Chemist: 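Before I ask anything, here is the structure I am working with.
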Amino acid sequence: MKKRGILNAQLSYLLAALGHKDLFMIGDAGMPIPEGVEVVDLVLTAGVPTFKQVLDAVLDEVQVEGYYLAHEIKEFNPELEEYIKVGLPEAEVEYMPHEDLKKFSGKCRFAIRTGEFSPYPNVILRAGVVF
């Protein structure tokens with residue numbers, strides 16, 4: 001039995017299978033997931049788990065070279081935007097309208113649904129390499 005790191009078998013497998021440049025998303029409880037994108041639904045109750053908890057766990061296991069956020073996060077959730085920037089200081093960031101981010105999420109290999117209920121806590125991450 002695994003004793004540390006991500007214990008969710010589905011999520012652990014999907015993260016381990018990522019290749020360079022693969023896209024995946026961490027989203028809130030209401031983010032629509034396009035048909036054909038595998039969903040890891042972690043929602044237990046409103047706010048559980050939080051976006052921050054899931055992001056931290058994922059960043060402990062995955063190299064990220066870039067990420068995509070909705071422009072709207074700057075106005076409606078600047079604290080979370082800053083949290084993401086601090087967690088990914090070396091990664092490139094690109095902003096787009098929320099509607100475009102939802103469409104772009106169709107290119108993701110999988111999406112992780114959190115219990116987050118704050119505005120615009122959705123990020124698409126681009127896998128990097130560790131060498």
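Given the structure is predicted, the values throughout are model-derived calculations rather than measurements.
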Chemist: Donor-acceptor pair, distance only, cut-off 3.5 Å: does the side chain of Lys85 make one with the backbone of Pro89?
Modeler: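 Answer holds: no.
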Chemist: Is Val93 linked to Leu55 within one hydrophobic cluster, defined over Ile, Leu, Val, Met, Phe, Trp and Tyr using a side-chain heavy-atom separation of less than 4.5 Å?
Modeler: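 Both belong to a single hydrophobic cluster.
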Chemist: Once ring pair (Phe, Tyr, Trp, His ring centres under 6.0 Å) is applied, what residue pairs with a partner in residues 26-64 remain, sequence neighbours excluded?
Modeler: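 Pairs touching residues 26-64 that pass the test: none.
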Chemist: Tell me if a side-chain donor or acceptor on Asp60 pairs with a main-chain N or O of Ala57 at a distance below 3.5 Å.
Modeler: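 No; judged by distance alone, with no hydrogens or angles, the pair does not exist.
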Chemist: Look only at the side chain of Asp22 and the backbone of Ala127, and say whether a donor-acceptor pair between them is shorter than 3.5 Å.
Modeler: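 Flag not set: sc Asp22 to bb Ala127 has no pair under 3.5 Å.
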Chemist: Show which residues join Leu7 in its hydrophobic cluster (side-chain heavy-atom contacts under 4.5 Å, direct or indirect), or state none.
Modeler: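 Via sub-4.5 Å side-chain contacts, Leu7 links to none.
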Chemist: With a 4.5 Å cut-off on side-chain heavy atoms, are Leu23 and Tyr67 touching?
Modeler: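 With C-beta onward as the side chain, the pair stays apart.
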Chemist: Can you check side chain to side chain contact (heavy atoms under 4.5 Å, CB included) on Lys74 and Glu81, steps first, answer last?
Modeler: CA-CA 7 Å; Lys74 293 176 181 229; Glu81 178 195 19; 3.5 Å; yes
Chemist: So do the side chains of Ile33 and Ser105 get within less than 4.5 Å of each other, counting heavy atoms only?
Modeler: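 They are not in contact (no side-chain heavy atoms under 4.5 Å apart), so the answer is no.
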Chemist: Please identify each residue that fulfils ring pair (Phe, Tyr, Trp, His ring centres under 6.0 Å) with Phe76, with sequence neighbours left out.
Modeler: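 For Phe76, the residues satisfying ring pair (Phe, Tyr, Trp, His ring centres under 6.0 Å) (neighbours in sequence not counted) are Tyr120.
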Chemist: Would you indicate whether the side-chain heavy atoms of Leu125 and Val123 approach each other to under 4.5 Å?
Modeler: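 Yes. Closest side-chain heavy atoms under 4.5 Å.
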Chemist: For the residue pair Asp28 and Met31, what are the closest heavy atoms and their distance?
Modeler: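 Here Asp28 and Met31 meet closest at OD1-N, 2.6 Å.
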Chemist: Report the C-alpha distance between Asn122 and Ile26 in whole Å, list the side-chain angles of each, state the deciding distance to 0.1 Å, and finish with yes or no for side chain to side chain contact (heavy atoms under 4.5 Å, CB included).
Modeler: CA-CA 6 Å; Asn122 306 294; Ile26 301 173; over 6 Å; no
Chemist: What is the minimum heavy-atom distance between Gly5 and Lys2, and which atoms define it?
Modeler: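 For Gly5 versus Lys2, the nearest heavy atoms are C-NZ, 4.4 Å.
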Chemist: Applying ring pair (Phe, Tyr, Trp, His ring centres under 6.0 Å), name anything that partners Phe24, two or more places apart in sequence or on another chain.
Modeler: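 For Phe24, the residues satisfying ring pair (Phe, Tyr, Trp, His ring centres under 6.0 Å) (neighbours in sequence not counted) are Phe110.
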Chemist: A side-chain contact here means heavy atoms from C-beta on lying under 4.5 Å apart; do Lys102 and Met25 qualify?
Modeler: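 No, side chains not in contact.
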Chemist: Has Thr114 got a side-chain atom pairing as donor or acceptor with Gly27's backbone, closer than 3.5 angstrom?
Modeler: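 Flag set: sc Thr114 to bb Gly27 pair under 3.5 Å.
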Chemist: Hey, does Leu11 have a side-chain heavy atom less than 4.5 Å from the side chain of Leu42?
Modeler: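 In short, these two side chains touch, coming nearer than 4.5 Å.
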Chemist: As a test of understanding, state which of Gln63, Arg126, Glu65 forms a side chain to side chain donor-acceptor pair (under 3.5 Å) with His20.
Modeler: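 Output: one option passes, namely Glu65.
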Chemist: Can you tell me if Glu92 has over 12 outside heavy atoms packed within less than 6.0 Å of its CD?
Modeler: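 Not more than 12 within 6.0 Å, no.
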Chemist: Any link between Val62 and Ile124 through a network of hydrophobic side chains (Ile, Leu, Val, Met, Phe, Trp, Tyr) touching at under 4.5 Å?
Modeler: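 No.
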Chemist: Evaluate the side-chain proximity of Ile73 to Ile84: yes if any heavy-atom separation is below 4.5 Å, no if none is.
Modeler: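 Of all side-chain heavy-atom pairs linking Ile73 with Ile84, at least one is under 4.5 Å.
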Chemist: Where the side chain of Glu116 meets the backbone of Ala29, is there a donor-acceptor pair that is under 3.5 Å apart?
Modeler: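 No; judged by distance alone, with no hydrogens or angles, the pair does not exist.
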Chemist: Cut-off 3.5 Å, side chains only: do Tyr95 and Glu72 have a donor facing an acceptor?
Modeler: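 No.
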Chemist: Can you give me every donor-acceptor pair (side chain of residues 34-41, partner residue at least two apart or in another chain, under 3.5 Å) with its distance?
Modeler:
residue, atom, partner, partner atom, Å
Glu38, OE2, Gln10, NE2, 3.0
Asp41, OD1, Val43, N, 3.2
Asp41, OD2, Arg113, NH1, 3.4

Chemist: Do Leu101 and Tyr68 have side chains that get closer than 4.5 Å, going by heavy atoms?
Modeler: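 Touching, per the 4.5 Å side-chain cut-off.
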Chemist: State whether Glu79 and Lys52 are salt-bridged, where the test is any N-O pair (Lys NZ or Arg NE/NH1/NH2 against Asp/Glu carboxylate O) under 4.0 Å.
Modeler: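 Between Lys52 and Glu79 there is a salt bridge, with a charged N closer than 4.0 Å to a carboxylate O.
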Chemist: Is Glu99 salt-bridged to Lys103, cutoff N-O under 4.0 Å?
Modeler: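 Not counted as a salt bridge, because no side-chain N and carboxylate O are separated by less than 4.0 Å.
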Chemist: Can you name the ring pair (Phe, Tyr, Trp, His ring centres under 6.0 Å) partners of Tyr13, sequence neighbours left out?
Modeler: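 Ring pair (Phe, Tyr, Trp, His ring centres under 6.0 Å) check on Tyr13 returns nothing, list empty.
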Chemist: Please find the pair of heavy atoms, one from Asn77 and one from Pro119, that lie closest to each other, and give the distance.
Modeler: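 Closest approach of Asn77 to Pro119, heavy atoms only: ND2-O, 2.8 Å.
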